[in-house]
2 protein chains.
Amino acid sequence: MAERKTTWKSVRDRVRDDILAGRFKPGDRLPRDADFADTLNCARSTVQRAMQDLVDSGLIERRRKGGTHVRREPIARATLDIRVTRLEIEQSGREYGYQLISLKEAVPPVSVLAKLGIAAPRPLLRADALHLADGRPYILEERWICTQTTPEILQVDLTRISANEWLIKNKPYSRYELRLYAQKASATTAQQMEIDQGDALFVIERATFEDERPITLVKSFAQPGYQLVATT
Amino acid sequence: MAERKTTWKSVRDRVRDDILAGRFKPGDRLPRDADFADTLNCARSTVQRAMQDLVDSGLIERRRKGGTHVRREPIARATLDIRVTRLEIEQSGREYGYQLISLKEAVPPVSVLAKLGIAAPRPLLRADALHLADGRPYILEERWICTQTTPEILQVDLTRISANEWLIKNKPYSRYELRLYAQKASATTAQQMEIDQGDALFVIERATFEDERPITLVKSFAQPGYQLVATT
DNA sequence: ATTGCTATTATGTCGCTACATAATAAGTCA
DNA sequence: TGACTTATTATGTAGCGACATAATAGCAAT
């Protein structure tokens, strides 16, 4: 059909362009949805959908009765996709390798307990492992696993399958916290990753929970040069 | 009213729980929207909205005619909010300070040109500046600004207002690319940030565009200890 | 067997209506 | 004047119907 319908995406783009072109400035109030629908000759629900998308992308704010406003202090919102390490390596065309470094039960430091929301110190399972790309160390993970919420992990042969992979396949989570930062490689880490002590490592720290019950906390140290790319 | 309506969020949560509890496994096909709507006694549009949300969060995949499937290789999707540096500092209760380090026109290295999608080398404006929190260096930014797309920047007194702030307020972008990585502090950087040479810095590199026309490329070096937190 | 058409199926999108809800403004009574 | 109530307003959500679209399966002709 030659006839173009007004899709909600076209409405969104139009409004976004108006904002980007400065026809609506930060803090400005936009017309009501109903008016927009009127001028654009479409239904209010279509405008609603468009507006909601702009809210999600951080460009506008809406309040009942208060109306729709362009955000005063714009934020850049980006989405990160964190894949299983094996796939990340394989999909970049390199060969994946895995190696368990150590496995033991121990009482973690308070900082770890705090991030997992555990009040009383108790021993957790500590699994350190190396993910290799084309035979070279790529990511080193230091992981604490809550044996109380995931006792099945004790039956898993972690020398053959990584905790990363097993957990994702077998222990779904409902919520997680991500922290990204940089850290100098310690002597031990440097040796394990075959780099120099003091090299700058990119660290992805992730704590996962199911219904507020902690599952695991993992620090992934990435090889120098590693970049995390986010999309708009 | 005591009567509970079935909201699309409740549908989403129910389906999500089914998946998380393993009642649907990775790769499994879910019932059709219409069937879901039937058993849950709600409209198909409500199911549609719920499903779309699960697609956005990376839990399921949908294809026309193909139906809805649980993703085989789950991904963790997180959202990053990047605020204006001044606000980031002020909202954490510290005093914001700003200092221009240098300003000049120069031809950037090819790596910079490439990231901005500029084919023929040409001079850009280079502005280095320091953002301070409670008087101490917090973020050092090395910025290239495209004077061709943003000539107005030349009239701005960058000793008083940061390019970060001016651009965000005055030069909207339609797209950007984010790269996160770790880097060792060079001698110069270390001196400017009052840290030791070789310290691990967290780098946020951002290139912004309007309609494929490059606006700016900025590398933000964050003080050791800086953490970027992402939300689920 | 291969190509091409057609029917089928499940999701995607839009319009319309109706009502819910939050925030505010206006009005009322002591 | 101040506290309480009520009306108004704009967004949020749900239902229903209709048609669009992509992917597939089945069938037919060569």
Side-chain angles (χ1 to χ4, degrees), chain A residues 1-19 23-72 77, chain B residues 1-19 23-72 77:
Chain A
M1 71 154 51
E3 188 92 7
R4 284 298 291 150
K5 272 240 199 86
T6 45
T7 72
W8 68 266
K9 283 179 181 170
S10 76
V11 175
R12 176 199 61 186
D13 290 346
R14 203 203 135 123
V15 175
R16 182 199 277 136
D17 285 350
D18 279 350
I19 295 173
R23 288 188 280 282
F24 297 116
K25 296 202 185 309
D28 276 7
R29 177 174 184 168
L30 301 188
R32 305 160 36 212
D33 289 3
D35 292 344
F36 256 121
D38 232 42
T39 54
L40 297 177
N41 205 32
C42 69
R44 185 168 79 85
S45 51
T46 307
V47 177
Q48 215 315 84
R49 230 166 306 185
M51 293 300 190
Q52 202 48 59
D53 196 68
L54 292 174
V55 169
D56 289 342
S57 69
L59 202 62
I60 63 173
E61 285 173 321
R62 322 188 82 202
R63 250 168 305 119
R64 281 168 160 151
K65 165 84 183 182
T68 305
H69 292 259
V70 181
R71 273 185 88 114
R72 271 177 195 289
R77 193 160 283 173
Chain B
M1 73 157 45
E3 189 92 6
R4 283 300 290 151
K5 272 239 198 87
T6 45
T7 72
W8 68 266
K9 284 180 181 170
S10 76
V11 174
R12 175 198 62 186
D13 290 346
R14 202 203 136 122
V15 175
R16 182 198 276 139
D17 284 351
D18 279 351
I19 296 173
R23 287 188 281 279
F24 297 117
K25 296 202 186 310
D28 277 6
R29 176 171 185 172
L30 301 188
R32 305 158 37 210
D33 289 3
D35 291 344
F36 256 123
D38 232 41
T39 54
L40 298 178
N41 205 33
C42 68
R44 186 169 78 84
S45 52
T46 307
V47 178
Q48 222 298 82
R49 231 168 305 183
M51 292 300 190
Q52 203 48 58
D53 195 70
L54 292 174
V55 169
D56 290 342
S57 68
L59 202 63
I60 61 172
E61 284 172 323
R62 321 187 83 201
R63 249 168 304 118
R64 280 166 161 156
K65 166 81 183 179
T68 306
H69 292 259
V70 181
R71 272 184 90 115
R72 275 180 192 287
R77 194 159 283 172

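Here is the naming used below: chain letters follow the sequence lines, and residue numbers restart at 1 for every chain.
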> Do you know which two heavy atoms are closest between A:Arg72 and A:Pro26, and how far apart they sit?
Replying inline: O-CB, 3.9 Å
> A:Lys65 or B:Met51: which one's nearest nucleotide on DNA chain C is closer to the 5' end?
Replying inline: B:Met51
>> With a 4.5 Å cut-off on side-chain heavy atoms, are B:Arg12 and B:Arg49 touching?
In response: no
> Taking CZ from A:Arg63 and P from D:dT11, how many angstroms apart are they, rounded to a whole number?
Replying inline: 11 Å
> Does B:Ile19 reach the side chain of B:Ile60, with side-chain heavy atoms less than 4.5 Å apart?
Replying inline: yes
>> For A:Arg14 and A:Asp17: C-alpha separation, side-chain torsions, deciding distance, then whether side chain to side chain contact (heavy atoms under 4.5 Å, CB included) applies.
In response: CA-CA 5 Å; A:Arg14 203 203 135 123; A:Asp17 285 350; 5.8 Å; no
> So which of residues 30-45 of chain A are in contact with DNA chain C, with a heavy-atom cut-off of under 4.0 Å?
Replying inline: A:Cys42, A:Ala43, A:Arg44, A:Ser45
> With a 4.0 Å cut-off on heavy atoms, is B:Gly66 in touch with a base, just the backbone sugar-phosphate, or nothing at all?
Replying inline: nothing
> When the distance from NZ of B:Lys9 to P of C:dA20 is rounded to whole Å, what number comes out?
Replying inline: 18 Å
>> When you measure from the side-chain N and O atoms of B:Gln48 to the phosphate of C:dG12, is any distance below 4.0 Å, counting only OP1 and OP2?
In response: yes
> Are any of A:Thr68's side-chain N or O atoms less than 4.0 Å away from OP1 or OP2 of D:dA10?
Replying inline: no
> Do A:Val11 and A:Phe36 come close enough that some side-chain heavy atom pair is under 4.5 Å?
Replying inline: no
> Between B:Gln52 and C:dG12, does any side-chain N or O lie under 4.0 Å from OP1 or OP2?
Replying inline: yes
>> Which nucleotide wins on minimum distance to the side chain of A:Arg64, given the candidates C:dT13, C:dT11, C:dT21?
In response: C:dT21
>> How close do A:Asp33 and A:Arg44 get, counting heavy atoms only, and between which atoms?
In response: CB-CG, 3.7 Å
> Does the side chain of A:Val70 reach to within under 4.5 Å of the side chain of A:Lys25, using non-hydrogen atoms?
Replying inline: no
> What about A:Arg62, does its side chain sit under 3.5 Å from the base of D:dT11 through a donor-acceptor pair?
Replying inline: no
> Looking only at side-chain N and O atoms, does B:Thr6 come under 4.0 Å of OP1 or OP2 in D:dA14?
Replying inline: no
> Nearest-Å distance, CH2 (A:Trp8) to P (C:dC16)?
Replying inline: 19 Å
> Quick one: B:Ile60 CD1 to C:dA10 P, roughly how many Å, whole number?
Replying inline: 16 Å
